[in-house]
Number of protein chains: 2
Amino acid sequence: MGRKRITPGKVRLTEVAALAGVSPITVSRFFRNPDTVSAGRRLRIESAAKDLGYVPNLAARALASQRTEVIGVLIPSLTNNVFSDVLRGIYDAFEGSRYSIQLANTRYSVLQEERLLRLFLMQKPAGLIVTGVDQTAEGRAITQAADCPVVQIMELGPDPIDMMIGFSHVDACYTAISHLLAQGCRRIGFLGARMDPRVQRRLQGYQNAMKNAGLFDPRLIVTTAVPTSTTMGGNLFSDLMLKAPDIDAVFCANDDLALGVLFECQRRHIAVPEQLAIVGFNDMEFMAAAVPTLTSVRTNRYEMGLRAATMIMDEIEGRPVTERVVDLGFEVMERQSSTMQRSATARPAQADRASGTKW
Amino acid sequence: MGRKRITPGKVRLTEVAALAGVSPITVSRFFRNPDTVSAGRRLRIESAAKDLGYVPNLAARALASQRTEVIGVLIPSLTNNVFSDVLRGIYDAFEGSRYSIQLANTRYSVLQEERLLRLFLMQKPAGLIVTGVDQTAEGRAITQAADCPVVQIMELGPDPIDMMIGFSHVDACYTAISHLLAQGCRRIGFLGARMDPRVQRRLQGYQNAMKNAGLFDPRLIVTTAVPTSTTMGGNLFSDLMLKAPDIDAVFCANDDLALGVLFECQRRHIAVPEQLAIVGFNDMEFMAAAVPTLTSVRTNRYEMGLRAATMIMDEIEGRPVTERVVDLGFEVMERQSSTMQRSATARPAQADRASGTKW
DNA sequence: CAACCGCGTGATAGCGCTGTCAATATCGCT
DNA sequence: AGCGATATTGACAGCGCTATCACGCGGTTG
């Protein structure tokens, strides 16, 4: 004969309604949209709820309303600090709201991403934040089919699923290389690890810049599929020195690599920037503290997370989102490692000892 | 007269049951515990569910069963990479399980932590992972009252809420300082930022070691409440040099600070380790790549997250957790920045230029 | 002055699943 | 063969909330 559950001092909508002298549905309305309830009842309900210590049951709400208040966030890595900045922005934006964040790690795999997308979507999330623009066709399709706001973050692309916020990695790298060219560098190496889609777009920007300058040489490019690390920066740089000992600058697809290159230069007594200029990407905090200070491309990661979250909430709550594709831009932070007063002649880096070491 | 919702091709437990020729409750049992259903029906249900593309409705499950499958995780910071390693372990462990992780950021505030604890507990989570042992009394009480497994991570303490996994920060720092003393260092500085409870315990370990050696001097300690950063490492070191110019070693409460100190030494032409030994804490990846390589205290953060999650799952699923307090230990990774063959006489660091710089 | 609108409110009937208990089938044993 | 014990299975009645529709009421409209 069914369950005979005893629900002792449980506080439900009904209890609040009884105390406030209204119907349960009115209490429900009060919690979802106070404005639809007349002022008098509003006050009575409010105090009744407080007196009883009422806490809404989210599972019941989700079941009855057929939707959840979960925001799904898909990022490729939990270790890469680039994403922790974005995440902080997202969490800060949703802090105190009724939405809760469901975070998942795609590990840079589009297949994993599609699987997780599917997993999230079957729970009918209130919104979705996904990294990058390289979802599988299937993943795009099911995401588009789900009618919830979606923001793609970290980069820009021609065909947003819904909304988009990021910057052009191609342009960012192109600009960084242009800066090196303006400093008189001619043999500029490219170091990249992991080679996820965003790093590949940076490589594209590098190639564009070098080809435009008539300086492209495939031997200047050294990459690996292995995840990035400082140690890897040193290793990649060592490889590069074997392939192209005459380099006068290195662009690193991220700052960890750049730090590794700096250390390797110290090990090899290569003067930075006199013999070799270094430029990184992301502008992590340590770049400005290094000796010499390291040039990098600043990206607005915290703001990206913050605004992505805001766009989602605006969309959900019916506030029109006019800017559906937001370019957050970037800035080349020119520091000691790439700025020099010198002639535009190439000076190879293959020295065994530094002559005018600054550090 | 109630809703007349049209539920077109919706696949519920009932639909699967109809196709499989069993009752809905049997299908429900099949999904929760396949062993309780006879083999014949098991196969029929399995294929029926697959044919129909059945997806369980988690909200309905949570409402009916009065519990969720949410694991709450409370960490103090999303930026500090120490926690991203732990998180990675936690996410890896729960990957593919039925549990979903709810992450929240206490921002190093016990009040925030208590608020979030309350927030989580009212949703009846399946488990809870909290950072550290310094919850408010109120926070401890409500957490203990909730009957779900709880793991405190990152450190150890005398009175676990439920389970605990970490290591002794006091011992770890004591051991690191002992290493420096064994190397002949006498005037060992302590640099700390943020000064959260764990850093304070490291300071305690430092004080114990220095007092035991009869070398304690409060002027050797420089701390700040500001969050840690590489730049801050340089700043704190500069302060220390003003207060105690005769230091021959610096212990940094984390690796960012240590890197900042290294850079500041390069700026000031102080030879490491000849004039100044440096030891960090956490053993981030870059420590082994620096020039000179930097000594640090390795902690098993990934494993900590992994095992905390495993303990939670074991507890939930009725597998007895015998080791309810796990000491993961630590290891002093002795590297160039703190190892030297030299006499035990103090050599002050206040040089203006390096004589035998290695880098 | 009837028709109409919109606001605030309430009654009703689920949302899709599981706890509880009863019923039946299966088995081992005396 | 008879009996209790053990696995399987099912019926029923909610879990706590919200979608939907209905209604009353004051104010506008033609």
Side-chain angles (χ1 to χ4, degrees), chain A residues 1-45 48-49 52-69 98 122-124 126, chain B residues 1-45 48-49 52-69 98 122-124 126:
Chain A
M1 288 134 231
R3 66 185 84 184
K4 288 184 189 101
R5 294 177 199 169
I6 38 154
T7 46
K10 186 159 287 186
V11 182
R12 307 191 310 273
L13 225 40
T14 316
E15 277 69 47
V16 178
L19 184 61
V22 298
S23 75
I25 187 68
T26 303
V27 181
S28 168
R29 276 196 268 262
F30 166 79
F31 279 106
R32 284 176 293 158
N33 198 348
D35 302 334
T36 59
V37 176
S38 63
R41 287 164 199 249
R42 201 150 55 209
L43 291 173
R44 292 220 307 282
I45 294 171
L52 295 169
Y54 171 70
V55 174
N57 181 320
L58 299 179
R61 175 178 293 178
L63 178 59
S65 67
Q66 303 276 60
R67 56 204 165 67
T68 62
E69 284 169 352
R98 62 212 179 99
M122 62 176 57
Q123 323 225 19
K124 306 207 170 118
Chain B
M1 295 138 221
R3 65 183 86 185
K4 288 182 188 104
R5 294 175 200 172
I6 38 155
T7 47
K10 185 158 285 185
V11 181
R12 308 190 310 273
L13 225 38
T14 317
E15 277 69 47
V16 178
L19 183 61
V22 298
S23 76
I25 187 71
T26 305
V27 181
S28 168
R29 275 195 269 263
F30 166 78
F31 280 107
R32 283 176 293 160
N33 199 349
D35 301 335
T36 58
V37 176
S38 63
R41 287 164 199 250
R42 199 151 54 210
L43 290 173
R44 292 219 307 281
I45 294 170
L52 296 170
Y54 170 71
V55 174
N57 181 320
L58 299 178
R61 177 177 291 176
L63 177 60
S65 67
Q66 303 275 60
R67 57 205 165 69
T68 62
E69 284 168 351
R98 61 212 179 98
M122 63 175 57
Q123 324 227 16
K124 307 205 171 130

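Note on naming: letters A, B, ... go to the chains in the order of the sequence lines (proteins, then strands), and numbering restarts at 1 for each one. Since we're looking at a predicted model, the values are computed, not measured.
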So do V16(B) and V11(B) actually touch side chain to side chain, heavy atoms under 4.5 Å?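 SC-SC contact between V11(B) and V16(B) confirmed.
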
Describe the nucleic acid contact of P24(A) in one word from base, sugar-phosphate, nothing, applying a heavy-atom distance below 4.0 Å.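 Nothing, no nucleic acid heavy atom in range.
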
| Reckon R42(B) touches a base, only the sugar-phosphate, or nothing at all at heavy-atom distances under 4.0 Å? | nothing

Choose from [options] the nucleotide whose nearest atom is closest to any side-chain atom of [X].
| X | options | value |
| --- | --- | --- |
| L63(B) | dG16(C), dC17(D), dA11(D) | dG16(C) |
| A64(B) | dG16(D), dG19(C), dT18(C) | dT18(C) |
| S38(A) | dG16(D), dG8(C), dG14(D) | dG8(C) |
| V22(B) | dG10(D), dT18(D), dG16(C) | dG10(D) |
| R41(B) | dT9(C), dC17(C), dG10(D) | dG10(D) |

Does [X] put a side-chain nitrogen or oxygen below 4.0 Å from OP1 or OP2 of [N]?
| X | N | value |
| --- | --- | --- |
| R67(B) | dG19(C) | yes |
| Q66(B) | dC17(C) | no |
| S23(A) | dG10(C) | yes |

In whole angstrom, what separates [X]'s [atom1] from [N]'s [atom2]?
| X | N | atom1 | atom2 | value |
| --- | --- | --- | --- | --- |
| R98(A) | dC17(D) | CZ | P | 15 Å |
| I45(B) | dT9(D) | CD1 | C1' | 10 Å |
| E69(A) | dC17(D) | CD | C1' | 12 Å |
| L13(A) | dA11(C) | CG | P | 14 Å |
| R12(B) | dG16(C) | CZ | P | 5 Å |
| R61(B) | dG16(D) | CZ | C1' | 18 Å |
| E15(A) | dC17(D) | CD | C1' | 13 Å |

Applied to residues 13-22 of chain B, the salt bridge (Lys or Arg N to Asp or Glu O under 4.0 Å) test, sequence neighbours excluded, yields R12(B)-E15(B)

Sorted by chain and number, sequence neighbours left out, side chain to side chain donor-acceptor pair (under 3.5 Å) with R67(A) holds for none

With sequence neighbours excluded, tell me which residues meet side chain to side chain donor-acceptor pair (under 3.5 Å) with T26(B).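 Here the qualifying residues are S23(B).
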
Practice prompt. Kindly state each residue pair satisfying side chain to side chain donor-acceptor pair (under 3.5 Å) with at least one member in residues 52-64 of chain B, sequence neighbours excluded.
Written response: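 Of all non-adjacent pairs touching residues 52-64 of chain B, none passes side chain to side chain donor-acceptor pair (under 3.5 Å).
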
Looking only at non-hydrogen atoms, find the nearest pair between [X] and [Y] and report the distance.
| X | Y | value |
| --- | --- | --- |
| Q66(A) | K124(A) | O-CD, 3.6 Å |
| A60(A) | L63(B) | CB-CD1, 3.6 Å |
| T68(B) | A126(B) | O-CB, 3.6 Å |

Per the under-4.0 Å heavy-atom filter, residues of residues 25-37 of chain B near DNA chain C come out as I25(B), S28(B), R32(B)

Sequence neighbours excluded, the answer for side-chain contact (heavy atoms from CB on, under 4.5 Å) partners of A20(B) is V22(B), R44(B), I45(B), A48(B)

query = In degrees rounded to 10°, what angle is found between the helical axes fit to the five outermost pairs at each end of the helix from dC1(C)-dG30(D) to dT30(C)-dA1(D)?
reply =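 Between the axes fitted at each end of the helix from dC1(C)-dG30(D) to dT30(C)-dA1(D) lies an angle of 40°.
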
Please tabulate, for the side chains in residues 31-39 of chain B, all donor-acceptor contacts under 3.5 angstrom to protein atoms that are two or more places apart in sequence or on a different chain.
residue : atom : partner : partner atom : Å
R32(B)  : NE   : S28(B)  : O            : 3.4
R32(B)  : NE   : S28(B)  : OG           : 3.2
R32(B)  : NH2  : S28(B)  : OG           : 2.8
T36(B)  : OG1  : N33(B)  : O            : 2.8

